[in-house]
Protein chains: 2
Amino acid sequence: MRLVIAKCSVDYVGRLKAHLPLAVRLLVLKADGSVLVHSDGGSYKPLNWMSPPANMRTLSPDDVDLETGVVEQWIVQSAKTDDRLIINIYEHISDSSHDLGVDPGLIKDGVEADLQRLLAAQIDLLGDGYTLIRREYFTAIGPVDILARDAKGATVAIELKRRGDIDGVEQLTRYLELLNRDPLLAPVRGIFAAQQIKPQARVLATDRGIECKTLDYDAMRGVDDSETRLF
Amino acid sequence: MRLVIAKCSVDYVGRLKAHLPLAVRLLVLKADGSVLVHSDGGSYKPLNWMSPPANMRTLSPDDVDLETGVVEQWIVQSAKTDDRLIINIYEHISDSSHDLGVDPGLIKDGVEADLQRLLAAQIDLLGDGYTLIRREYFTAIGPVDILARDAKGATVAIELKRRGDIDGVEQLTRYLELLNRDPLLAPVRGIFAAQQIKPQARVLATDRGIECKTLDYDAMRGVDDSETRLF
DNA sequence: CGATGAATGTCGTCA
DNA sequence: TGACGACGTTCATCG
């Protein structure tokens, strides 16, 4: 990994075009050819970047005719697409390289899959007498997150989200339409379950006769005793 | 901006939990308190991070009881949420700070807004005799990208996307439902226009009587002579 | 490979 | 500030 602090301007040409005026920035060059251009603020997203795999050519004013004041030009070309990043360097402020080795990678806990596993194990959170039919119930248009049966024996399709938005309601609506064509299952009700449900999504769901259920992941995790410290 | 190369392990606790085992990584500390943890590969997304605004406390083994081998512990706490990043440093390899100043920011060209402007100017791309009613036609459930009239005088609602996906078709469907309740406008047809339309989206749109139109941004840009070199 | 859906999404805009 | 939609979304999974 090479780290460069430099006064530079940057142009991107590819899916769109973008331009960064002259300023001092951090340039990160990774082993796979990817390049990040960061300022001293904002979140993790760089001002501009090139995704791997990519190749970089370095041009000097001796080789090519460059704009006045440019001491070096980097041309970063994507190996797969015709996206290209052009960095004009006006002043090198710092330049260092480091050998980092391969990273063992990230271990996560608490994503939608975990939520689904927990709700399947605690299906009675949805109401007394609920029983699990199965998780990831496959249909022609994709898998229903959870299929269950309520106390009266009626089928219930559950769509799970961490954040409940309109498109999640649309998704569940499509599933319900399809499932209700199956005489063995019909009538099928829908439950939209999420840690947080947006007002518009709640309105749309209610309007379509879909029940909304807010989930408390921490509480669900606390109940599940198999869920003892991952790390 | 402070750049640290260090052998470290990282834990994130917040909306979910995540853990990074011991390895050599780049740690970027920005002026607004944000922190990025990068490996020497992958795209621009860090392995782990903290969004601004945030505050960092540095603990040493003299102050607190730390794990064996930890020479320093950073606790990065989000100022707004209770998200927290804990970085255990086992070895400092490099440490430098640089004053970057404020960045002038990015200038873009070719996003959906540009596409909309071009299509409004070249509305006859949709068919002979089309005329523009207006862009960003406001409704109770959001703005319709473009409202036009066809050669026969019928109203047409156009949803524009760079990449046409199912949710775009759903969006247009909601607009059409609403617009068709207005006796002054009804009947309103829909056109789903995008640079690229996914097969499933095309099927859904066609099934609902919505016309699909693929747009060539470069060609549209070439026709529009006001669109002379932005930079 | 392409298609599909989640994401600690992030980022802008506008009420 | 919160809701909403775009994004060079990126990312993993699955066919």
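In what follows, every chain begins at residue 1, and chains take the letters A, B, ... in the order their sequences are listed. What's counted below: heavy atoms across the whole structure, side chains too, no hydrogens, waters or symmetry copies.
- Whole-Å rounding puts the B:Asp32 CG to C:dC11 C1' distance at 14 Å.
- If you measure from atom NZ of B:Lys198 to atom C1' of C:dA3, you get 6 Å, rounded to the nearest angstrom.
- D:dG8 and C:dT4 have their P atoms separated by 22 Å, with the value rounded to a whole Å.
- What separates CG of A:Leu160 from P of C:dA6 is a distance of 10 Å, to the nearest Å.
- Note on B:Arg221 versus B:Asp218: no salt bridge recorded, every NZ/NE/NH1/NH2 to OD/OE distance being 4.0 Å or above.
- Look at CG on B:Asp109: it is 16 Å from C1' on D:dA6, rounded to the nearest Å.
- The pair A:Glu136-A:Arg134 does not count as a salt bridge, with every side-chain nitrogen at least 4.0 angstrom from each carboxylate oxygen.
- Nearer the 5' end of DNA chain C, as judged by each residue's closest nucleotide, is the contact made by A:Lys80, out of A:Lys161 and A:Lys80.
- Atom pair A:Glu159:CD and C:dG5:C1' shows a separation of 10 Å (rounding to whole Å applied).
- Across A:Asp182, A:Val144, A:Asn180, a single residue satisfies side-chain contact (heavy atoms from CB on, under 4.5 Å) together with A:Val188, and that is A:Asn180.
- A:Lys17 has its NZ atom 19 Å from the C1' atom of D:dC7, to the nearest Å.
- A salt bridge links B:Lys161 with B:Glu159: the distance from a Lys NZ or Arg NE/NH1/NH2 to an Asp or Glu carboxylate oxygen falls below 4.0 Å.
- Protein atom CD of B:Glu112 is 8 Å distant from nucleotide atom C1' of D:dG5, rounded to whole Å.
- Contacts classified as ring-ring contact (aromatic ring centres under 6.0 Å, His included) and involving residues 22-48 of chain B (residues at least two apart or in different chains) are given here: A:Trp49-B:Tyr44.
- Taking the charged nitrogens against the carboxylate oxygens, B:Asp103 and A:Arg25 do have a contact shorter than 4.0 Å, which makes a salt bridge.
- Put simply, the side chain of A:Ile210 does not reach to within 4.5 Å of the side chain of A:Ile191, judged on heavy atoms.
- For DNA chain D, if you chain together Watson-Crick or G-U pairs that step i with j, i+1 with j-1 and so on, the runs of at least three with distances under 3.5 Å are C:1-7 with D:9-15, C:9-15 with D:1-7.
- Judged by distance alone, the side chain of A:Asp165 and the main-chain N or O of A:Asp167 form no donor-acceptor pair under 3.5 Å.
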message = Please encode protein proximity along nucleotides 8-15 of chain D as a string of B, S and -, counting only heavy-atom distances under 4.0 Å.
response = BSSS----
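- Summarising the geometry, the separation between CG on B:Asp167 and P on C:dA3 is reported as 16 Å, rounded to the nearest angstrom.
- The pair A:Arg208-A:Glu170 meets the salt-bridge criterion, since a charged nitrogen lies less than 4.0 angstrom from a carboxylate oxygen.
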